Chemist: 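What follows is a single structure, and I will ask about it in a moment.
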Protein chains: 2
Amino acid sequence: MALNRKCIIRISRYKNALNRLKALGFVKVFSGNLADAAGVSSSQVRKDFSLFGITGNRRGGYKVDELIKRIRDILGKNELQKVIIVGAGNIGKALLHYKGFESGGIKVMAAFDIDPSKYSHELEIPVLPLEDLRGFVQDHEVKIGILAVTEVAAHHVSEIMISAGIKGILNFAPIQLRAADDVVINNINLEVELENLIYFVNAQAKTDGVFE
Amino acid sequence: MALNRKCIIRISRYKNALNRLKALGFVKVFSGNLADAAGVSSSQVRKDFSLFGITGNRRGGYKVDELIKRIRDILGKNELQKVIIVGAGNIGKALLHYKGFESGGIKVMAAFDIDPSKYSHELEIPVLPLEDLRGFVQDHEVKIGILAVTEVAAHHVSEIMISAGIKGILNFAPIQLRAADDVVINNINLEVELENLIYFVNAQAKTDGVFE
DNA sequence: GTCTTTTTGTTATTTTTTTCACAATATTTA
DNA sequence: TAAATATTGTGAAAAAAATAACAAAAAGAC
């Protein structure tokens with residue numbers, strides 16, 4: 001199946017839109033509704049669904065419950081996805097307490113740091129020494145890790161994670177990580193995202209000027 | 001100039017790579033070096049540069065200092081970009097203390113919240129009442145805001161920001177915000193990013209299975 | 001029960017993005 | 001100084017992604 005990152009991102013967004021629509025009492029939904037909610041075209045929605053073999057009824061749309069179940073299945077949300085956080089600094093701690101993952105499927109198991117002052121067993125989610133990472137990952141069969149350490153540590157720590165058995169890294173360190181083909185890396189660079197925004201705001205301001 | 005989001009993201013990454021190369025003592029750089037550092041092809045690098053009229057020397061590559069200056073200029077990093085944070089919860093607080101923005105150009109001016117227990121003038125960056133947002137944004141001519149409030153508050157708060165004069169929003173609330181054409185919105189949904197990673201890790205695992 | 005309307009599913013078309021390829025031209029070597 | 005070599009800059013080609021278009025089918029009207 002030839003699907004790309006953007007397609008899966010959209011599928012996630014459809015799922016979020018569906019949850020909202022369900023909460024509003026929707027039982028059926030049309031591609032146009034999802035398109036509006038996710039900010040794409042209705043043919044895009046249908047194209048994405050067709051890639052996953054998701055079908056509805058001509059004239060009848062899609063049943064919200066079935067669709068949610070189907071998408072949750074695609075995204076692996078019907079089984080528990082165990083996640084660790086590496087680096088208990090600013091970003092790491094914020095993610096440790098982030099409520100957005102609670103809705104289902106994603107379970108943050110523990111955080112790890114080199115700084116002993118960060119260790120804690122009192123919290124609901126423990127902060128453990130980095131040395132314990134390997135054993136923990138192997139014992140609990142964790143495949144997904146969030147990397148939130150400094151730029152200088154990032155590469156080294158990512159190698160520790162991968163050698164321990166982590167297969168997917170969500171990287172917040174401001175460096176473009178890459179790895180072997182069997183490891184998936186998703187880089188989120190906050191400064192880059194802000195720079196992007198700033199660029200388009202400034203570009204917008206210039207364009208506006210022309211018409212003033 | 002017909003340039004897209006992805007192109008600007010790459011330009012930011014080239015800048016980061018250049019800073020690292022400069023720190024290593026590089027004076028000249030070739031498109032291939034930047035391609036390796038940013039994880040793209042060398043012709044992609046040259047194409048991107050050509051879009052911005054960035055030129056080097058045939059056979060001589062690009063001068064690191066000049067290139068950095070040029071890209072910083074494109075990204076607006078040669079002038080101060082004032083930013084506010086709205087929502088001083090988990091994510092908001094983390095960004096308030098985030099060191100990654102210090103390297104230049106981006107200055108977080110203040111944070112805002114509705115919860116009086118969050119207010120603070122002691123911090124280097126103050127946390128102020130949401131009611132003060134409009135005045136602050138107008139007094140300081142802030143154009144960029146980071147939105148880090150709950151899902152339910154996000155839409156309402158974004159409207160407050162926009163009506164106060166904010167022209168670009170980096171949205172961390174788990175909802176796809178949209179706005180009028182003169183406001184740029186960059187949505188970062190942490191759960192969606194994780195789901196994406198999980199999908200590809202699971203897909204990878206299945207593919208591996210076939211060859212085992 | 002037939003007709004009308006609406007919406008899907010998919011194929012074709014268009015647009016966008018990336019890669020390829022190579023002439024033009026600096027730099028280095030001899 | 002001339003020849004050899006490496007690298008840019010860009011137009012053409014290929015690949016990927018998005019949009020449009022429409023036949024097929026389901027739902028509802030009458």
Side-chain angles (χ1 to χ4, degrees), chain A residues 1-14 17-18 21 26-68 70-71 74 176 178 192 196 199-200 203, chain B residues 1-14 17-18 21 26-68 70-71 74 176 178 187 196 199-200 203:
Chain A
M1 205 188 293
L3 28 55
N4 57 24
R5 197 179 123 75
K6 276 166 95 178
C7 174
I8 307 294
I9 295 271
R10 285 195 300 265
I11 291 281
S12 275
R13 294 210 169 117
Y14 301 151
L18 282 163
L21 292 172
F26 279 63
V27 173
K28 294 201 295 192
V29 73
F30 302 117
S31 57
N33 303 137
L34 289 172
D36 292 345
V40 300
S41 72
S42 64
S43 47
Q44 180 80 83
V45 173
R46 298 199 300 276
K47 199 61 172 283
D48 288 339
F49 284 0
S50 120
L51 273 173
F52 287 98
I54 294 176
T55 60
N57 287 315
R58 289 174 202 247
R59 169 91 200 235
Y62 307 84
K63 287 186 191 154
V64 171
D65 280 334
E66 279 180 19
L67 201 45
I68 289 177
R70 189 80 179 75
I71 293 183
I74 289 166
Q176 190 82 348
R178 251 156 309 147
V192 166
N196 196 255
Y199 175 84
F200 285 106
Chain B
M1 205 188 294
L3 25 56
N4 57 22
R5 196 179 124 75
K6 276 167 95 178
C7 174
I8 308 293
I9 294 271
R10 286 194 300 266
I11 292 279
S12 276
R13 294 207 169 120
Y14 302 152
L18 283 164
L21 293 171
F26 280 61
V27 174
K28 293 201 296 194
V29 73
F30 301 118
S31 59
N33 304 136
L34 289 172
D36 293 344
V40 298
S41 71
S42 63
S43 49
Q44 180 79 85
V45 174
R46 298 200 298 278
K47 224 355 165 340
D48 287 339
F49 284 1
S50 116
L51 274 173
F52 288 98
I54 294 176
T55 60
N57 287 317
R58 288 174 201 247
R59 169 93 201 233
Y62 306 83
K63 289 187 190 153
V64 172
D65 280 334
E66 279 180 18
L67 201 45
I68 290 178
R70 190 80 178 73
I71 292 181
I74 288 166
Q176 190 82 348
R178 252 155 310 145
N187 293 290
N196 196 254
Y199 175 85
F200 284 106

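What you see is a predicted model; the values in this text were computed from it and never measured. In what follows, every chain begins at residue 1, and chains take the letters A, B, ... in the order their sequences are listed.
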Chemist: Evaluate the criterion side chain to side chain contact (heavy atoms under 4.5 Å, CB included) for residue pair I11(A) and Y14(A); output intermediate values, then yes/no.
Modeler: CA-CA 5 Å; I11(A) 291 281; Y14(A) 301 151; 4.2 Å; yes
Chemist: Contact class for K47(A) (heavy atom, under 4.0 Å): base, sugar-phosphate, or nothing?
Modeler: base
Chemist: Side chains of L21(A) and L34(A): does their closest heavy-atom pair fall under 4.5 Å?
Modeler: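 SC-SC contact between L21(A) and L34(A) confirmed.
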Chemist: Atom NZ of K28(B) to atom P of dT7(D): distance rounded to whole Å?
Modeler: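 Atom-to-atom, K28(B) to dT7(D), this comes out as 9 Å.
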Chemist: Categorize F49(A) for me: base, sugar-phosphate, or nothing, with a 4.0 angstrom heavy-atom threshold over every strand shown.
Modeler: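 No contact.
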Chemist: So do the side chains of R46(B) and Y62(B) get within less than 4.5 Å of each other, counting heavy atoms only?
Modeler: yes
Chemist: Roughly how many Å is it from CD1 in I54(B) to C1' in dT10(D), rounded to a whole number?
Modeler: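 My rounded result for the distance is 16 Å.
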Chemist: What does S31(A) touch in the nucleic acid at a heavy-atom separation under 4.0 angstrom: a base, only the sugar-phosphate, or nothing?
Modeler: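 Sugar-phosphate contact only.
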Chemist: Does R5(A) reach a base, just sugar-phosphate, or nothing at all? Heavy atoms under 4.0 Å.
Modeler: nothing
Chemist: Nearest-nucleotide wise, let me know which of V40(B) and G56(A) is further upstream toward the 5' end of DNA chain C.
Modeler: G56(A)
Chemist: Between P on dT19(C) and CZ on R46(B), what's the gap in Å once rounded to a whole number?
Modeler: 12 Å
Chemist: Starting at the 5' end of DNA chain D, which residue's closest nucleotide do you reach first, S50(B) or K6(A)?
Modeler: S50(B)
Chemist: Are any non-hydrogen side-chain atoms of V40(B) and D48(B) less than 4.5 angstrom apart?
Modeler: no
Chemist: Report the distance from atom CG of D48(A) to atom C1' of dT19(D), rounded to the nearest whole Å.
Modeler: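 Rounded to whole Å, this separation is 13 Å.
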Chemist: Round to a whole Å and report the spacing from CZ of F52(B) to P of dT10(D).
Modeler: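 Taking CZ of F52(B) and P of dT10(D), I get 15 Å after rounding.
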Chemist: OP1 or OP2 of dA17(D) less than 4.0 angstrom from a side-chain nitrogen or oxygen of Q44(A), does that happen here?
Modeler: no
Chemist: Could you tell me if the side chain of F30(A) sits less than 4.5 Å from the side chain of S42(A), heavy atoms only?
Modeler: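 A side-chain contact is absent here, since even the closest heavy-atom pair is not under 4.5 Å.
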Chemist: When the distance from CG of L34(B) to P of dG9(D) is rounded to whole Å, what number comes out?
Modeler: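 Between P of dG9(D) and CG of L34(B): 12 Å.
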Chemist: What is the nucleic acid contact for S41(A), judged by heavy atoms within less than 4.0 Å: base, sugar-phosphate only, or nothing?
Modeler: sugar-phosphate
Chemist: For residues I54(A) and I71(A), determine if any side-chain heavy atom of one lies less than 4.5 Å from a side-chain heavy atom of the other.
Modeler: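 Sidechains of I71(A) and I54(A): in contact.
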Chemist: OP1 or OP2 of dA16(D) versus the side-chain N and O atoms of N4(A): is any pair under 4.0 Å?
Modeler: no
Chemist: Among dT7(D), dA24(D), dT10(D), which nucleotide has an atom closest to any side-chain atom of F30(B)?
Modeler: dT7(D)
Chemist: Closest approach to the side chain of R58(A), judged atom by atom: which nucleotide of dT28(C), dA18(D), dA24(D) is it?
Modeler: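 Closest of the options to the side chain of R58(A): dA24(D).
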Chemist: Starting from C1' on dC22(C), measure out to CZ on R59(B) and report it in whole angstrom.
Modeler: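 After rounding, the gap between these two atoms is 17 Å.
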Chemist: Select one nucleotide: of dA27(D), dT28(C), dC20(C), the one nearest the side-chain heavy atoms of N57(A).
Modeler: dA27(D)
Chemist: Whole angstroms only, please: what is the NZ-P distance between K63(B) and dT8(D)?
Modeler: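 Distance, rounded to whole Å: 14 Å.
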Chemist: Quick check on dG9(D): is either OP1 or OP2 less than 4.0 Å from any side-chain nitrogen or oxygen of Y62(B)?
Modeler: yes
